[in-house]
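Heavy-atom basis, side chains included; hydrogens, waters and symmetry copies ignored.
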Protein chains: 2
Amino acid sequence: MVGRPRDERVDQAILAATRGVLAEQGYSRLTVDAVAAAAGVGKAAIYRRYASKHELVFAAAVHDVDLEPPPDGGSLTADLTALVREILDSLGAPTARAAAPGLISDFLSDPALADRFEETFLARERACVRAALDRAVARGEIEAPPERDLAHSLILGPVFAWLYIFRRQEEESFARDLVVRVEAALRHTPV
Amino acid sequence: MVGRPRDERVDQAILAATRGVLAEQGYSRLTVDAVAAAAGVGKAAIYRRYASKHELVFAAAVHDVDLEPPPDGGSLTADLTALVREILDSLGAPTARAAAPGLISDFLSDPALADRFEETFLARERACVRAALDRAVARGEIEAPPERDLAHSLILGPVFAWLYIFRRQEEESFARDLVVRVEAALRHTPV
DNA sequence: TCAGTTTCGGAACGACTTGTCTCGTAATAT
DNA sequence: ATATTACGAGACAAGTCGTTCCGAAACTGA
């Protein structure tokens, strides 16, 4: 590799500034110029790294979400509680709160972005759900686990609706009650 | 009221053109100029009726969704099936499919739009959910119904996630399985 | 050492969209 | 008849995106 190497501080400044503007202004009011100004960086430095505003926001909002597969909690209840808590925290964080609906909206016009979201975030989350279900089956807590995406939607969907459609705050009671209901749904053996 | 009255055909042409452009281009690529051209009207005629592009799309996408409270189906299973089918059809329609994520994304920057959505759509949907739950309690099928928004999120959330986050098509099996799982969640009596 | 390459911040640019406004004209109420 | 409003068409300013230029700086390889 020849030429001047990229400055890592610029990388970090861009991501930090993006998260800052995102939290302050929200996705729809985020402008690339504002990010460049906040980062003390030229716009060229941003577009040299990200092909579009969408990709910039994606990198800033999704990359810092490191979804660790929760360890075996010993019971389906414990596993589900950890899973719901983690998803609720991810989606409830200021950056995600500002970015998530806008990103999902962009999926319609930018399938490549949707694919990357699928690979970067959904696949890992789905693996966590699957791991929890497999353990529950192994323990004998569940007989017939539902289809993967259905189980995933049963957990992710209500959290998303609660935060972004109903626009309600994270509430301890919601997390607790959701776990109880989802567990009942998963334990049920279809006829 | 003095002056020339508004032409109702212009009203309809604007809404029809908006739905057409929405289905063809999607929310993010919809422009007011394109709507005006498709409707054969001037932009002033649009802005005379709607304060912003958001309100235009909202009117076109939400207004035609007339969520009728489903009649008593005789059982919780029947009521839930009708409810899920109706929500799936509403959100799966081409217009809604193109508009919903964009509208929800705009809620962050336009609380007034969010409030109108709450009143126009969510409140009616929530009433349908509540009616179904009340009937189930009256029948003795359910002991302790969950908090309203929780029950609502258990139905709306998975459908939204399925269509807009997982980007999967409407599938008969999904509707059927979701009903089974949601019913199990609702029937469960928390300790 | 030194030419070639790539980066940097800054700034300009064209293309596009939004929302307002001005035309000249048509329809209605008073 | 006159005032008022709506109509289609289009000009307009403001703002944004993504690209492209600039001169300067940083690094590689011969």
Any base atoms under 4.0 Å from A:Arg49, or only sugar-phosphate, or nothing? Heavy atoms, all strands. sugar-phosphate
Do side-chain atoms of A:Arg116 reach the backbone of A:Phe121 as a donor and acceptor pair under 3.5 angstrom? no
Detail all sub-3.5 Å separations between protein N/O atoms and N/O atoms belonging to nucleotides 26-29 of chain C.
residue, atom, partner, partner atom, Å
C:dA26, N3, B:Arg4, NH1, 3.1

Would you say B:Glu147 has more than 12 foreign heavy atoms packed within less than 6.0 Å of its CD? yes
Would A:Arg126 and A:Glu118 pass as an ion pair if we require N to O under 4.0 Å? yes
Ion pair check, B:Glu172 and B:Arg85, cut-off under 4.0 Å: yes
To the nearest angstrom, the CZ-C1' distance between A:Arg9 and C:dG9 comes to 14 Å
Do the side chains of B:Asp134 and B:Arg139 get close enough for a salt bridge, i.e. N-O under 4.0 angstrom? no
Please determine if a side-chain N or O atom of B:Arg6 lies less than 4.0 Å away from the OP1 or OP2 oxygen of D:dT5. no
Could you give the angle between the helix axes at the two ends of the helix from C:dT1-D:dA30 to C:dT30-D:dA1, with five pairs per end, rounded to 10 degrees? 10°
Protein-nucleotide distance (A:Ile14, atom CD1; C:dG9, atom C1'), rounded to Å: 12 Å
Distance test, side-chain N/O of A:Arg48 to OP1/OP2 of C:dC8, below 4.0 Å: yes
Over how many whole Å does the gap from A:Tyr50 atom OH to D:dT19 atom P extend? 16 Å
Quick one: does B:Arg167's side chain have a donor or acceptor within less than 3.5 Å of a partner on B:Leu163's backbone? no
Might you confirm whether atom CZ of A:Arg29 has over 12 heavy atoms from other residues, nucleotides or ligands at distances under 6.0 Å? no
Encode nucleotides 11-19 of chain C as B, S and - characters from 5' to 3', where the letter depends on protein heavy atoms closer than 4.0 Å: B to the base, S only to sugar-phosphate, - to neither. -B----SBB
In terms of side-chain geometry, is the basic nitrogen of A:Asp11 or A:Arg6 positioned less than 4.0 Å from the acidic oxygen of its partner? no
Cation-pi between B:Lys53 and B:Tyr47: NZ/CZ under 6.0 Å from ring centre and within 45° of the ring axis? no
Could you check whether A:His152 and B:Phe166 have their ring centres less than 6.0 Å apart? yes
Write down the distance between CG (B:Asp11) and P (D:dA6), rounded to a whole number of angstrom. 11 Å
Could you tell me whether A:Arg135 and A:Glu141 have a side-chain N and a carboxylate O separated by less than 4.0 Å? no
